[in-house]
Amino acid sequence: MSLFASARYHVNVNLLGKAFLRWERMRLARKLQRPWTHEHLGPPLVTAPELKELISRHYLKGQHASGHRPVAWVTSGAPVEFLQALGFFLLYPENHGAVCGIRRTAEKLCSAAEDHGWSRDICSYARTDFGAMLTGETPVGRLPKPDLLLCCTNICQTVMYWYRVLAHHFDVPLVLIDTPFLYGDAPEHAVTYVHRQLEGAVEQAERVAGRSLDPVKLRQVTQLSRDAVDLWMQALDRCRHRPTPMTAFDAFIQLAPIVEMRGEPFAVAYYSRLLVALDERVASGVGALKNEKIRLVWDNLPIWHRMRWLSERFARDGVALVASTYTNAWGELAPLIDPERPLESGARTYLHVILNRGTGHKLGVIEKLLADYQADGVLLHSDRSCKPYSVGQIDQRGRLVRDIGVPALLLEADHNDPRAFSEEQVAGRLDAFLEVLQA
Ligand code: SF4
């Protein structure tokens, strides 16, 4: 690490960047004080400016991280607490992909990857990342080059091949955590198997960071992770109220700190404030929609490039997405996180993520969300390029409709590639589905 890089980091992130982002946050907060005039949507959450500041600051830190602190690129469901404790800056290419999706740059980046030979059938996050890697283009300014890659296969096998490409391109070490697929609760030998890999990963990360892992620091980071995840689950639980104080569209955005900043004290502080804001809404009867009529559960990733279009369309019809398997997945494992046994409990926690479990488990989660959030139906986003999340949905829809009598619709789209989305087709299917629900 160099003194010059550290000085540059301090000036650009802690002085200039901090001042600018604070000013920007105050400007947005003032804007929120103006009378809210949207016909169908309720007012934005008062924490929105703070969230924007947190996310912008995260990417600003990334821009200036190289040379100041080690950088690791990690998969979204990877056990990252030991990297946090070693002082790594963590970049999540999937989160960056989502930012590209929202800012409408993903299509161009996916095309760049396809021009270099990657198939359009590959996950659109991976193609977005390859496009950014090849062109250097990103809506967040600049991505730091990784010193280490951490890939955990608990979400899919695609990430393994994806990270091998990154390792080859950047010529940096790749740490792979292999998680056996679960058909029930994890057997002890599977936990031991992942635990041992984590111990090996710590050794590799220590070599890259040039320092040893402090067990006290690891426990502190793990406690912060658990606190943030706990608060996140509580925030989601507030959506059981009628009207719901936030929808899944809000939650998809609010999820950013839990994915890329868990283990940081400011993520805990942010979710504490979010909880207060949601409680104030519940107490004063302010809903995410002005006129909530129908409550639905969402399955699968968001459609990042159509968030606004979909949320406005749903709000127009009084449809509130009150829960989603995707946002729930980041909260439901909180009880497994044990700061006193960080690596072992990390192995257990990260083994049990929803995508590492059978389709029957996911159906059970959907049924639980339907009951807990008193929802009227389910929207299953059949995601063209996320096969692990979409496999089994036709059967799940059949069981929901046939066995428990819940209306359910399969919507074909893609989380990050707008070319796999037809507004006319989706609008037509939604209209027909809502007619059934309103009948
Ligand atoms: S295929 Fe699905 S689970 Fe795998 S990285 Fe892409 S979006 Fe994530």
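In each ligand, atom 1 is the first atom listed, and ligand 1 is the first ligand listed. A quick note: this is a predicted structure, and the numbers were derived from the prediction, not measured. Side chains included, hydrogens not; waters and symmetry mates left out as well; all remaining heavy atoms used.
A salt bridge links E137 with K108: the closest approach of a Lys/Arg side-chain nitrogen to an acidic carboxylate oxygen falls below 4.0 angstrom.
Shown here is R219, whose CZ atom has more than 12 heavy atoms of other residues, nucleotides or ligands within 6.0 Å.
Legend: side-chain hydrogen bond (donor to acceptor under 3.5 Å, both in side chains) pairs involving residues 159-177, not counting sequence neighbours, sorted by first then second residue: D129-W162.
Classified by interplanar angle (parallel below 30°, tilted 30° to 60°, perpendicular above 60°), the ring pair W298/F249 is tilted.
Between the side chains of Y193 and D178, at least one donor N or O sits under 3.5 Å from an acceptor N or O.
For the pair R69 and F89, the cation-pi criterion (under 6.0 Å, within 45° of the ring axis) is not fulfilled.
Sorted by chain then number, the residues whose non-hydrogen atoms approach ligand 1 to under 4.0 Å are E94, C123, Y125, I155, C156, V159, W162, L301, L355, S385, C386, H415.
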